Amino acid sequence: MKNTTNNNINIKNKRASFDYEFIDTYTAGIVLTGTEIKSIRQGKASLVDTFCFFSKGELWVKNMHIAEYFYGSYNNHLARRDRKLLLNKKELRKLQRGIQETGFTIVPVRMFINERGLAKVVIALAKGKKQYDKRETLKEKDDKRMMDRMFKR
């Protein structure tokens with residue numbers, strides 16, 4: 001049976017690209033309960049202030065907010081619980097080696113629902129930007145916007 005629902009859910013962490021320089025990105029599955037996936041399909045999730053950490057060789061995401069499902073009953077989920085990310089062992093080892101270096105962290109960049117109806121999270125091995133790097137990013141963004149305006153005329 002073909003899933004005919006609208007899969008245009010694309011939740012982004014806009015702050016992450018401002019605060020971090022992405023070194024490598026991975027697409028990971030996420031372990032969810034029934035009411036969590038229903039809330040995500042309604043677009044009621046946020047990646048603000050989220051980060052990933054390792055615990056016993058497994059990758060977890062912390063602070064991801066998925067709103068409680070409106071029609072959920074007594075078995076509704078907690079909005080900000082830790083959720084396990086699903087990656088293969090090779091990717092996990094590579095990420096673990098990456099964060100052992102000083103200044104590196106793992107941040108969720110965006111969450112989406114794939115064509116099979118599964119929730120996926122794009123995570124990035126990232127290095128924190130310095131203040132002058134952030135200013136440079138803003139200047140480049142403004143310059144690009146000005147160039148686009150000039151060419152539209």
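Computation of the quantities below employed the complete heavy-atom set of this structure, encompassing side-chain atoms and omitting hydrogens, waters and symmetry-equivalent molecules. Nothing fancy with the numbering, it's 1 onward along the sequence. Bear in mind that the values here come from a model prediction, so they are computed numbers and not experimental data.
Between Arg145 and Asp142 there is a salt bridge, since at least one side-chain N of the basic residue sits less than 4.0 Å from a carboxylate O of the acidic one.
Hydrophobic cluster membership differs between Ile23 and Val122, with clusters built from Ile, Leu, Val, Met, Phe, Trp and Tyr side chains linked at under 4.5 angstrom. The hydrophobic cluster containing Val109 does not contain Ile11, counting ILVMFWY residues as joined when their side-chain heavy atoms lie under 4.5 angstrom apart, directly or transitively. Two different hydrophobic clusters hold Ile37 and Trp60 under the rule that ILVMFWY side chains link at heavy-atom gaps under 4.5 Å. Both Phe54 and Val121 are part of a single hydrophobic cluster, where members link through side-chain heavy atoms under 4.5 Å apart. Linking ILVMFWY side-chain heavy atoms closer than 4.5 Å, directly or via other members, places Val61 and Tyr20 in two distinct hydrophobic clusters.
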Mind listing the side-chain donor-acceptor pairs of residues 78-86 below 3.5 Å, one per line with the distance, residues two or more places apart or on another chain?
from  : atom 1 : to    : atom 2 : distance (Å)
Arg80 : NH1    : Asn63 : O      : 2.5
Arg81 : NE     : Glu36 : OE2    : 2.9
Arg81 : NH2    : Glu36 : OE1    : 2.8
Arg81 : NH2    : Glu36 : OE2    : 3.3
Asp82 : OD1    : Lys62 : NZ     : 3.4
Asp82 : OD2    : Lys62 : NZ     : 3.4
Arg83 : NE     : Glu36 : OE2    : 2.9
Arg83 : NH1    : Met64 : O      : 2.8
Arg83 : NH1    : Arg81 : O      : 3.0
Arg83 : NH2    : Glu36 : OE2    : 2.9
Arg83 : NH2    : Leu78 : O      : 3.3
Arg83 : NH2    : Ala79 : O      : 3.2
Lys84 : NZ     : Glu58 : OE2    : 3.0

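Here the NZ-CZ distance, from Lys12 to Phe112, works out to 12.0 Å after rounding to the nearest 0.5 Å. We find the CG-CD1 distance between Leu59 and Ile30 to be 10.0 Å, quoted to the nearest 0.5 Å. Considering CG of Leu95 and CG of Leu125, their distance stands at 6.0 Å, rounded to 0.5 Å. Remark: Leu47 CG to Arg15 CZ distance equals 14.5 Å, nearest 0.5 Å.
Taking every heavy atom of both residues into account, Val107 and Thr50 meet most closely at CG1-O, 4.4 Å. A pairwise comparison of heavy atoms in Ile123 and Pro108 identifies CG2-CA, 4.0 Å as the closest pair. Across all non-hydrogen atoms, the minimal contact from Ile9 to Gly43 is CD1-N, 4.0 Å. Taking each heavy atom of Ile40 and Ala45 in turn, the nearest pair found is CG1-CB, 4.3 Å. Between Phe22 and Ala124, the shortest heavy-atom distance links the atoms CD2-CB, 3.6 Å. When all heavy atoms are compared, the tightest approach of Leu92 to Gly57 is CD1-O, 3.9 Å.
Summarising the local packing, OH of Tyr69 is surrounded by more than 12 heavy atoms from other residues, nucleotides or ligands at distances under 6.0 Å.
The side-chain hydrogen bond (donor to acceptor under 3.5 Å, both in side chains) test with Arg110 singles out one residue from Asn13, Thr25, Asn10, and that residue is Asn10.
For the pair Ser39 (side chain) and Lys44 (backbone), a donor-acceptor distance under 3.5 Å is absent.
Taking the side chain as every heavy atom from C-beta outward, Lys152 and Arg149 never approach each other to under 4.5 Å. Taking the side chain as every heavy atom from C-beta outward, Ile106 and Tyr26 never approach each other to under 4.5 Å. Between Arg41 and Ile113, the closest side-chain pair of non-hydrogen atoms falls below 4.5 Å.
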Assess the residue pair Phe18 and Leu138 against the criterion (side chain to side chain contact (heavy atoms under 4.5 Å, CB included)); give the C-alpha distance rounded to whole Å, side-chain angles, the decisive distance to 0.1 Å, and a yes or no. CA-CA 9 Å; Phe18 182 73; Leu138 285 175; 3.7 Å; yes
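For Arg97, the side-chain contact (heavy atoms from CB on, under 4.5 Å) partners are Arg93, Lys94, not counting sequence neighbours.
The salt bridge (Lys or Arg N to Asp or Glu O under 4.0 Å) contacts involving residues 117-141 comprise Asp19-Lys134, where partners must be two or more places apart or lie in separate chains.
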